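A short worksheet on the structure shown next.
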Amino acid sequence: MTGFADAVARAAAAGRLVVQPRMGMASPLEMRAGLLAVRGAGATTVGTLTVDSYTRVGDHRAALTALHDGARLNGYPIVSHHPDTTRAVLDGLTGFPVQVRHGSADPRAIFGALAAAGLDATEGGPVSYCLPYSRKPLRDSVEHWTEACENFSGHLETFGGCMMGQLCPPGLLVALSVLEAVFFRFHGVRSVSLSYAQQTNADQDAEAIRALRVLAARFLSDVDWHVVVYAYMGVFPRTRAGARLLNDNAARLAVRAGAERLIVKTVAEAHRIPTVAENVDALESAAEAAAQAEPEQSFADTGVLAEATALVEAVLELPGDPGEALLAAFRRGLLDVPYCLHPDNAGHTRSHIDDTGRLRWSSAGAMPIPRSSVDRSGPAPDSASLLTALHRVAHLHDARTH
Amino acid sequence: MNNLVLLSGTASDSHTWNLVYLQLLLEEAGHRVINLGACVPPVLLADECEAEQPDLVVLSTVNGHGYQDGPRAIAELRSRPGLAAVPVVIGGKLGTGGPEPVQADALRAAGFAEVFDDETAITRFREFITTNALCRTAGTAS
């Protein structure tokens with residue numbers, strides 16, 4: 001196990017949920033102060049070092065220029081800073097695990113830079129950091145991620161359970177998270193975590209996280225793994241109370257479904273990039289909510305596991321290694337992410353939120369999803385209903401706290 | 001007259017929900033839409049416009065870099081002989097700190113027919129596409 005995975009395992013054994021922020025500053029001093037504040041929070045925390053968007057897209061020259069000119073960057077340019085600088089940022093933080101977050105479809109330089117600085121944990125995936133955020137062909141992303149994984153010896157988290165941030169039905173999120181982890185494992189990564197982002201209905205989310213655990217146990221039995229829940233990633237409540245409630249509910253969900261780690265969101269989410277203090281507040285609030293929640297042993301089965309299993313099996317039955325199988329699956333529409341505009345996504349699927357607040361398929365395209373799982377009674381697929389669906393969680397949480 | 005709209009994100013913006021929403025809105029108003037998606041560099045945008053010959057180009061961006069990315073996009077479009085007259089509009093969250101009227105004027109001066117960057121953006125955009133469609137229909141009839 002890695003330092004990062006080991007810390008998560010120790011917390012889990014002690015019955016504590018690990019909570020983690022998103023955080024990245026260009027200045028080494030500010031970055032270090034942020035990490036120290038997260039370590040000092042009244043919660044079981046791990047740290048985050050998020051890279052800037054120039055580094056994300058591989059424009060390291062622009063990042064370096066910005067550093068020299070003192071221009072604002074929206075994250076820590078880990079490739080442009082010297083490894084000694086990054087080591088100085090982490091100096092004295094021995095035993096405090098830090099994950100590098102980046103969003104890149106070509107993470108090779110970032111993986112190299114974090115290893116050179118003595119870090120051992122990062123995240124992403126060949127599908128999840130290509131289709132939603134990039135124009136790069138999926139084939140290129142798979143090649144880059146293959147090379148990055150084969151030269152990597154740390155802990156790697158899939159972002160596949162967070163696709164599009166919102167409105168992707170849980171069966172597909174679970175399947176993508178598992179498939180990216182299988183890809184990592186095939187390319188030699190021995191310690192992984194599987195992500196799942198909180199969606200629109202807590203019961204459906206708990207069922208999905210349980211399904212994720214069942215499939216991880218089946219397909220990743222020979223590597224170390226844990227599950228990380230992301231607080232809601234769609235349009236966020238505008239009120240402080242609404243935002244806090246949604247973040248706390250994510251912590252309760254994580255504990256209820258047996259997840260080991262949570263990535264929080266702050267009360268600033270709807271308005272701007274959060275301050276360090278707002279992040280610490282979100283971490284402590286989530287930890288408090290988690291401490292009062294209890295794991296549940298059984299969940300109603302509405303078919304999320306069956307749907308995710310069918311998707312994973314259909315992809316892994318395709319010829320070639322997991323990367324080739326993923327490429328073929330998207331080409332044939334066996335995997336097809338709703339509302340994803342990337343040219344390599346078929347774009348024949350649609351989803352909606354039903355009357356009970358659950359995410360449902362309106363149309364499943366060519367995916368191996370039973371007709372009985374497709375709900376054709378949803379609202380007309382027009383701009384007004386899309387806007388309503390995108391804002392539903394925010395509105396509900398803002399309204400509940402007034 | 002085929003009412004074709006080319007819809008696109010800007011070079012530095014990876015957001016797409018705005019583009020998904022606008023495509024539906026435009027289709028409901030009777031337009032055909034080609035949606036280029038996220039992170040479209042100016043050269044690709046201009047190549048697609050030359051290939052598709054749209055009646056209107058709509059740039060949408062919400063990452064706060066629109067006031068910088070917009071002029072680069074329209075400069076490339078206007079540098080192509082076949083794209084000197086195609087109407088181009090831009091909207092969304094164009095700055096990191098809310099609407100900036102001076103910057104919006106600069107975008108108009110750079111050649112954007114309209115700039116939708118404040119609270120009234122969607123209302124004004126709906127009016128614009130309705131009027132735009134009517135003008136073009138009338139123009140075709142005459």
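Letters go in sequence order (proteins before strands), and every chain restarts at 1. Quick caveat: nothing in here was measured; it's all calculated off a predicted structure.
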Query raised in the report: Between the side chains of A:Asp398 and A:Thr239, is a donor N or O closer than 3.5 angstrom to an acceptor N or O?
Result: yes
Query raised in the report: Of the backbone (N, CA, C, O) and the side chain (C-beta and beyond), which part of A:Pro343 lies under 4.5 Å from a heavy atom of chain B, both, or neither?
Result: neither
**Report entry** Part of B:Leu26 within contact of chain A (heavy atom distance under 4.5 Å)
**Finding:** neither
**Report entry** A:Ser377-A:Asp375 side chain donor-acceptor pair, cut-off 3.5 Å
**Finding:** yes
Query - More than 12 heavy atoms of other groups within 6.0 Å of A:Leu64 CG - result: yes
Query raised in the report: Are the side chain of B:Asp117 and the backbone N or O of B:Gly92 linked by a donor-acceptor pair below 3.5 Å?
Result: no
Report task. May I ask you to name which of A:Asn74, A:Leu387, A:Val57 has the most heavy-atom pairs under 4.5 Å with chain B? Result -> A:Leu387
